[in-house]
Student: 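Before anything else, here's the structure in question.
These numbers were taken from a predicted model, which means no experiment stands behind them. Every chain is numbered from 1, with letters handed out A, B, ... down the list of sequences. The analysis underlying the following values was restricted to heavy atoms, covering all of them including side chains, and did not include hydrogens, waters or symmetry mates.
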Amino acid sequence: MNSELEEKWQEIWNKNRIFEPDPDDRDKFFITVPYPYLNGNLHIGHARTFVIGDLVARYKRMKGYNVLFPMAFHVTGTPIVALAELISKKDERTIKVYNTLHKIPLDILLSLNTPEKIVDYFKVESELALRKIGCSIDWRRKFTTTDPPYKRFITWQFKKLKDKGYVSKGSHPVRWCPNCDNPVEDHDILNGDDANIINYTMIKFSFDRCIIPCATLRPETVFGVTNLWVNPDYTYTIAAIDNERWIVSSFAYKKLSYLDKNPLRVGTIKGSQLIGKFVKNPINDKDLIILPASFVNPDDGTGIVMSVPAHAPYDYLALRDLQEGIYDFGINKEILDLVKEIKPIKLINVPGLNDIPAMDIVKNLGVKNQKDKKAENATKILYKKEFHEGVLNEVTGSYAGLLCKKARDVITEDLIKKGYADLLYDLSEPVICRCGTECVVKLVKDQWFLTYSNKEWKDLVLDYLRSMTIIPEEYRKEFENKIDWLKDKACARKKGLGTRLPWDKEWLIESLADSTIYMAYYTIAKFLNDGRLTEEEMDDEFFDYVFLGIGHPKKEIYKAIREEFNYWYPVDLRSSGKDLVPNHLLFFLYHHVAIFPKKYWPKAIAINGFVSLEGERMSKSKGPLLTIKEILDEFGADVTRFYILSNSEQTQDADWRYSNVKDAKKALNRFYRLAKEIISNSRVSNNEINMDKMTRQDRWILHRCQIAIMDVESAIKDMKVRKALQSAFYSILNDVKWYKKRGEDSQVLREVLKIWVRLLAPFIPHISEEIWSWLSNVSVSVSDFPKFNERFVDFSLDLEEDLVRRTIDDIKEILAVIKIVPTRIIIYTAPEWKNKIYYSAIKLRQDDKLNMGLLMEEIKKDQQPLSKKVSNLAKNAIRDVELMDPNLIKILSNVTIDEFDTIKNAINFMEREIGCRIEVRDAKDAEYDPMNKKDAAKFLKPAIYIE
RNA sequence: GCGGAGGUUGCCGAGUGGAAAAGGCGCUAGAUUUAGGGUCUAGUUCCGUAGGGAUCCGUGGGUUCAAAUCCCACCCUCCGCACCA
């Protein structure tokens, strides 16, 4: 149990090339985990995904599959370039983080001043870390995503996507810093991390050759607009946009200037000057009056809003305030008369809200006026209710009958098409760039998109998803939701490392887009790395042939490459962290479906959670962080694997806690010592163990091993690694402890160990190899996984051991209560007639027919003399049996247990445990019974008398 | 806001309709050919002079012979929401 031991076995694996599979006659299993991104050292979070992948790889290998588990490195994108810049600038924080957390010696760190040097450094370190943690990776297939041949592969893929019409050109909104003149990424933000880009629909109301655009999140309510609201004290900007003149706030003017509108300031106008003027509603040409309101914020939207008093509490209140003269903003009588004629126009019907919804809610909540804080709450409640439950009514014309949530997008689209509206992007809250500038939303033009919103493409993915295995199954819905939500994605950037778009060389392919089908590339990387294939040969025809079987091979070796691909593909399992569900894993599916024929589409996806460090989330750029190298130096591979695999299940997050890791180390030490002891106490034997000579306990422990094998296999099938490890390690450990207590046979223990070590080999391969080497001369990594052997299965043995255990516990419990030192203990097992009644009840329960009448009939058939005693017992039996676990019922309906015999056999053991002489009697013919206990004897619960 | 996950004992966490609390940690006691932070054993909600009883799974209701588990409402925590890998 030390690093030399682990290094020794790693060297043996390497030397014997046991993890370097080539196609052969066996069934194959191709497992991949996402390649790591090399802007730092691999950390404990990576370790989880890798170790889970390795566990499955090792398990499948032992199950006889030809297993391919490859690895490569991802370096395309911006972070590595940014890191190189920061290092060459000697950025204080970066140097500190990479020196103290990533543990890179300062002299080396300062030399990493180009992206290439960074990649070269981390790829060596990462491979080392992966080797040292014992991953059974075929390193002959490694590559880096900036390798020229890989770029050819990506180029081919994008040509294919474009040919299939999955690439389009358009514009899209990004967070933008006007000062840096660049998009703002998450780590560039000083303030406002939570801000989202929201898209308002800007409805264009016309006014005296001017346009007053009103931003709204509820475009469907355009049918219910009764007037506009302006802030009377604010001075608005008049901007020339195309051939129109727009009246907007000055902040809105700024926003528009980044949104492809090229506005030109031509004048200003005070809000109060607009009051009483009329605008036309574009959808019905109705004239609407402009009125003053206090809640209009010039910084939100365009600074002028449309009023829908039937459905917006603020609008309703502001209107009522005017009508009742609560706030009149000094409007004249003429306007006031017009205001008084305004009636809310209801356009959404909501079950339960019969009148004007805004009025209802204002009344219910007792909102006083537009300045009442409760108006905010009223708005929230009503908007939510109407969005989810609302149906558009006849006021909306052809949209009548549509659900609110369905209609919104349709209406927006129609309004824009007709020129009645435009989109306005805005940030949900202010965002401040690291340079201190307030950010805006900019519309980037001529951007290339992958059209993930394409209905046919989307349906193809959704449809295929149905036939895939998703582990855990609960994530299937998550995938469906995300696919449904997925929109077109910008797939090119100007900055960073990567492959150029083949048809537009100034753009680089975005780094998530270039890592979608790379698992296929592992099959050819082998040939590149051993020199049988050169970059120059890898043209489009080559890829078409190898991956799609199109055309003819120009060279003989291409056939082998094609066969290699055809053998390994599809991916049988992609195992990944849950952070990749809404991005990489979706694109992984989309691109496979787009590029490859169906038989090469991935079979299964498994998701795992993160790893936190002493309860805190790790961060590569800020810390805390714990590198794989560090933990391996301290704990070694097996302890690390053991801890991570046993710490949490599936998508739950694991937590790396030093104190618990140390405990894991102790547990493994214990196992190692125990194994050593078992080996030294037994002798080599190749004979099949002789079951006839075995005691009940011997047969019991072998039975338990079979159960463990079954449990481990079914847990691994569901990727429940924690459960698998519990069964493979702790469950057997506890059984072995009990077995040793009960009286062990060293040869039987040796057999148990043979099973045990192989069960554990996928989890903790190094220590397993070491122990296995004392038992066999074949590497455990390529030995057979223990086979479930029905011959050893006997559930009655479990019942017997449980009976013994429970009886001891009962005695101890009594002793604890009566607080005497016992001198003599008598155990009375239940008489046969009692047990018969229980078995009858169990049979009935198994057939789902348990009731008093039927049970009494059964008892009569057994020709028992009926008495009050019998019927009372039958009543009790029904209650007891009804409470029994269904699994126990199943077992009991197949086996019977001789309680007297069981206790009698265990009597010496029980005496040792209790430290007192113990006798066992059948309650039927026990004469000595001073406290009249024997009548209390029940099925599986013997009576106890203590002196 | 939308979508998702979760709330179990001192702590981490099993358990998703049939005896709540597996396993681990911590704690307590004991053993030890114990330097130790090693190893092993037992106990660890409360009450109990016979193996029993009471309480109990975020809160409040409900369904059921039976609910941590199913239904309804509410409270709280965490994660994602895109051009960022």
Student: Indicate, with a heavy-atom threshold strictly under 4.0 Å, whether A/H584 touches base, sugar-phosphate, or nothing.
Tutor: nothing
Student: Looking at A/K487, does any N or O in its side chain come under 4.0 Å of the phosphate oxygens OP1/OP2 on B/A82?
Tutor: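 Indeed not, no polar side-chain atom of A/K487 lies that close.
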Student: For the NZ atom on A/K494, are there more than 12 heavy atoms of other groups (residues, nucleotides or ligands in this structure) within a distance under 6.0 Å?
Tutor: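 Buried by this count: over 12 neighbours within 6.0 Å.
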Student: When all nucleic acid strands are considered with a 4.0 Å heavy-atom cut-off, which category describes A/L486: base, sugar-phosphate, or nothing?
Tutor: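 Result for A/L486 = base.
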Student: Nearest to the side chain of A/I818, which nucleotide is it out of B/G3, B/A50, B/G18?
Tutor: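 The closest nucleotide is B/A50.
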Student: With the side chain of A/K812 defined as its heavy atoms from C-beta on, choose the nearest nucleotide among B/A85, B/A42, B/A82.
Tutor: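 Shortest atom-to-atom distance from the side chain points to B/A42.
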Student: Just call it for A/K741: base, sugar-phosphate, or nothing, with non-hydrogen atoms closer than 4.0 Å on any strand.
Tutor: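 If one applies the 4.0 Å heavy-atom cut-off, A/K741 turns out to touch the sugar-phosphate alone, with no base involved.
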Student: Any side-chain N or O of A/R670 under 4.0 Å from OP1/OP2 of B/C40?
Tutor: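 It does, given that an N or O in the side chain of A/R670 lies less than 4.0 Å from OP1 or OP2 of B/C40.
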Student: P atom, B/G62 versus B/G17: distance in rounded Å?
Tutor: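 That atom pair is separated by 23 Å.
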Student: Using whole Å, report how far CG of A/L815 lies from P of B/G52.
Tutor: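 Rounding to the nearest Å, CG of A/L815 and P of B/G52 are 14 Å apart.
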Student: Regarding A/I946, tell me which of base, sugar-phosphate or nothing describes its non-hydrogen contacts under 4.0 Å with the strands shown.
Tutor: base
Student: How do A/R617 and A/M931 order along RNA chain B: which one's closest nucleotide is nearer the 5' end?
Tutor: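 Whichever sits nearer the 5' end wins; that is A/M931.
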Student: Quick one: is B/A85 close enough that its OP1 or OP2 comes under 4.0 Å of any side-chain N or O from A/T78?
Tutor: yes
Student: On the nucleotide B/A85, are OP1 or OP2 found under 4.0 Å from the side-chain N or O atoms that A/R493 carries?
Tutor: yes
Student: For B/G51, which nucleotide is its Watson-Crick or G-U wobble mate, given both distances must be under 3.5 Å?
Tutor: none
Student: Go ahead and name the base partner of B/U63; Watson-Crick or wobble counts if both distances stay under 3.5 Å, otherwise write none.
Tutor: none
Student: Whole angstroms only, please: what is the CG-C1' distance between A/D809 and B/G52?
Tutor: 15 Å
Student: If B/A22 has a Watson-Crick or G-U wobble mate with both distances under 3.5 Å, name it; if not, just say none.
Tutor: none
Student: Rounded to the nearest Å, what distance is computed from the CD1 atom of residue A/I820 to the C1' atom of nucleotide B/A50?
Tutor: 9 Å
Student: In whole Å, what separates the C1' atom of B/G37 from that of B/C27?
Tutor: 16 Å
Student: Say we look at B/G60 and B/G53: how far apart would their C1' atoms be, to the nearest angstrom?
Tutor: 28 Å
Student: Does B/G17 pair with anything, Watson-Crick or G-U wobble, both distances under 3.5 Å, and if so, with which nucleotide?
Tutor: none
Student: Does A/N734 reach a base, just sugar-phosphate, or nothing at all? Heavy atoms under 4.0 Å.
Tutor: sugar-phosphate
Student: With sugar-phosphate meaning primed atoms plus P, OP1 and OP2, does A/K740 contact a base, only sugar-phosphate, or nothing at under 4.0 Å between heavy atoms?
Tutor: nothing
Student: Going by purine N1 to pyrimidine N3 plus the second Watson-Crick contact, or the G-U wobble pair, all under 3.5 Å, which nucleotide sits opposite B/G6?
Tutor: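 Partner of B/G6: B/C76.
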Student: When you look at A/K458 and A/D484, which way does the salt bridge (Lys or Arg N to Asp or Glu O under 4.0 Å) test go after all the steps?
Tutor: CA-CA 8 Å; A/K458 197 168 263 207; A/D484 190 45; 5.3 Å; no
Student: Within the structure shown, what part of the strands sits under 4.0 Å from A/K723 by heavy-atom distance: base, sugar-phosphate, or nothing?
Tutor: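 No contact at all - A/K723 keeps every heavy atom at 4.0 Å or more from the nucleic acid.
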Student: Okay, side chain of A/Y37, backbone of A/I80: is any donor-acceptor separation there less than 3.5 Å?
Tutor: yes
Student: Please assess A/D718 against A/K723 for the test salt bridge (Lys or Arg N to Asp or Glu O under 4.0 Å), listing each intermediate value before the final yes or no.
Tutor: CA-CA 10 Å; A/D718 291 337; A/K723 192 170 188 180; over 6 Å; no
Student: Under 4.0 Å, heavy atoms only, any strand: does A/Y475 hit a base, just the sugar-phosphate, or nothing?
Tutor: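 Here A/Y475 touches no strand at all.
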Student: Return the value, rounded to whole Å, for the distance between atom OH of A/Y518 and atom C1' of B/A85.
Tutor: 12 Å
Student: OP1, OP2 of B/C25 versus side-chain N and O of A/S659: anything below 4.0 Å?
Tutor: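 Checking B/C25 against A/S659, no side-chain N or O comes under 4.0 Å of OP1 or OP2.
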Student: Could you work out which one of B/G51, B/C84, B/U41 sits closest to the side chain of A/I944?
Tutor: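 The nucleotide sitting nearest to the side chain is B/G51.
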Student: What does A/D663 touch in the nucleic acid at a heavy-atom separation under 4.0 angstrom: a base, only the sugar-phosphate, or nothing?
Tutor: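 Sugar-phosphate only.
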Student: Please evaluate residues A/E677 and A/K740 with respect to the criterion salt bridge (Lys or Arg N to Asp or Glu O under 4.0 Å), reporting the C-alpha separation (whole Å), side-chain torsions for both, the decisive distance (0.1 Å), and the verdict.
Tutor: CA-CA 12 Å; A/E677 179 198 308; A/K740 282 167 74 83; 2.5 Å; yes
Student: Using atom CG of A/L674 as one end and atom P of B/U39 as the other, report the distance to the nearest whole Å.
Tutor: 14 Å
Student: Does A/P942 or A/H74 map to a spot on RNA chain B nearer the 5' end, using the closest nucleotide for each?
Tutor: A/P942
Student: Determine which nucleotide pairs with B/G37, using a 3.5 Å limit on both distances of a Watson-Crick or G-U wobble pair.
Tutor: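 B/G37 is paired with nothing.
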Student: Distance check, P atoms only: B/C12 and B/U8, in whole angstrom units.
Tutor: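 7 Å, rounded to whole Å.
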Student: Please state the C1' separation for the pair B/G13 and B/G26 - nearest whole angstrom.
Tutor: 14 Å
Student: Answer with base, sugar-phosphate or nothing: what part of the nucleic acid does A/R806 contact at a heavy-atom distance below 4.0 Å?
Tutor: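 The residue A/R806 makes no contact with any strand.
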Student: Kindly say if A/K941 contacts the phosphate of B/G52, meaning a side-chain N or O under 4.0 Å from OP1 or OP2.
Tutor: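 Affirmative; the distance criterion is met.
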Student: May I ask you to say what A/E478 touches in the nucleic acid, namely base, sugar-phosphate or nothing, with a heavy-atom cut-off under 4.0 Å?
Tutor: sugar-phosphate
Student: Determine which nucleotide pairs with B/C81, using a 3.5 Å limit on both distances of a Watson-Crick or G-U wobble pair.
Tutor: B/G1
Student: When the C1' atoms of B/A29 and B/A35 are considered, how many whole Å apart are they?
Tutor: 23 Å
Student: Watson-Crick or G-U wobble partner for B/C57, using a 3.5 Å limit on both distances?
Tutor: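 By the stated definition (distances under 3.5 Å), nothing pairs with B/C57.
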Student: Determine the contact category for A/P34: base if any of its heavy atoms lies under 4.0 Å from a base atom, sugar-phosphate if only primed atoms, P, OP1 or OP2 are that close, otherwise nothing.
Tutor: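 Nothing, no nucleic acid heavy atom in range.
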Student: Between B/C12 and A/Q652, is there an OP1 or OP2 to side-chain N/O distance shorter than 4.0 Å?
Tutor: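 A/Q652 to B/C12 OP1/OP2: no side-chain N or O under 4.0 Å.
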Student: Would you classify A/S646 as touching base, sugar-phosphate or nothing, given that sugar-phosphate means primed atoms plus P, OP1 and OP2, and contacts are heavy atoms under 4.0 Å?
Tutor: nothing
Student: Taking atom NZ of A/K578 as the centre, report whether more than 12 heavy atoms of other residues, nucleotides or ligands fall under 6.0 Å from it.
Tutor: yes
Student: Any side-chain N or O of A/K477 less than 4.0 Å from the OP1 or OP2 oxygen of B/G4?
Tutor: yes
Student: Does any non-hydrogen side-chain atom of A/R48 lie less than 4.5 Å from one of A/F610?
Tutor: no
Student: Which whole number of Å gives the distance between the P atom of B/G43 and that of B/G52?
Tutor: 16 Å
Student: Taking the six-membered ring of A/W738 (Phe, Tyr or Trp), confirm whether the NZ or CZ of A/R805 is under 6.0 Å from its centre and within 45° of its axis.
Tutor: yes
Student: Does a side-chain N or O of A/R722 approach OP1 or OP2 of B/C12 to a distance below 4.0 Å, or not?
Tutor: no
Student: Any idea which of B/C84, B/G18, B/C25 is nearest the A/P79 side chain?
Tutor: B/C84
Student: What does A/A943 touch in the nucleic acid at a heavy-atom separation under 4.0 angstrom: a base, only the sugar-phosphate, or nothing?
Tutor: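 A/A943: base contact, heavy atoms under 4.0 Å.
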Student: Take a 6.0 Å sphere around NZ of A/K676 and say whether it holds more than 12 heavy atoms from other residues, nucleotides or ligands.
Tutor: no
Student: Does the Lys NZ or Arg CZ of A/R574 fall within the cation-pi geometry relative to A/F588 - under 6.0 Å from the ring centre and within 45° of the axis?
Tutor: yes
Student: Between C1' on B/G23 and CG on A/L733, what's the gap in Å once rounded to a whole number?
Tutor: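 Taking CG of A/L733 and C1' of B/G23, I get 11 Å after rounding.
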Student: Could you work out the separation of B/C56 and B/G7 based on their C1' atoms and round it to a whole Å?
Tutor: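 It works out to 16 Å between them.
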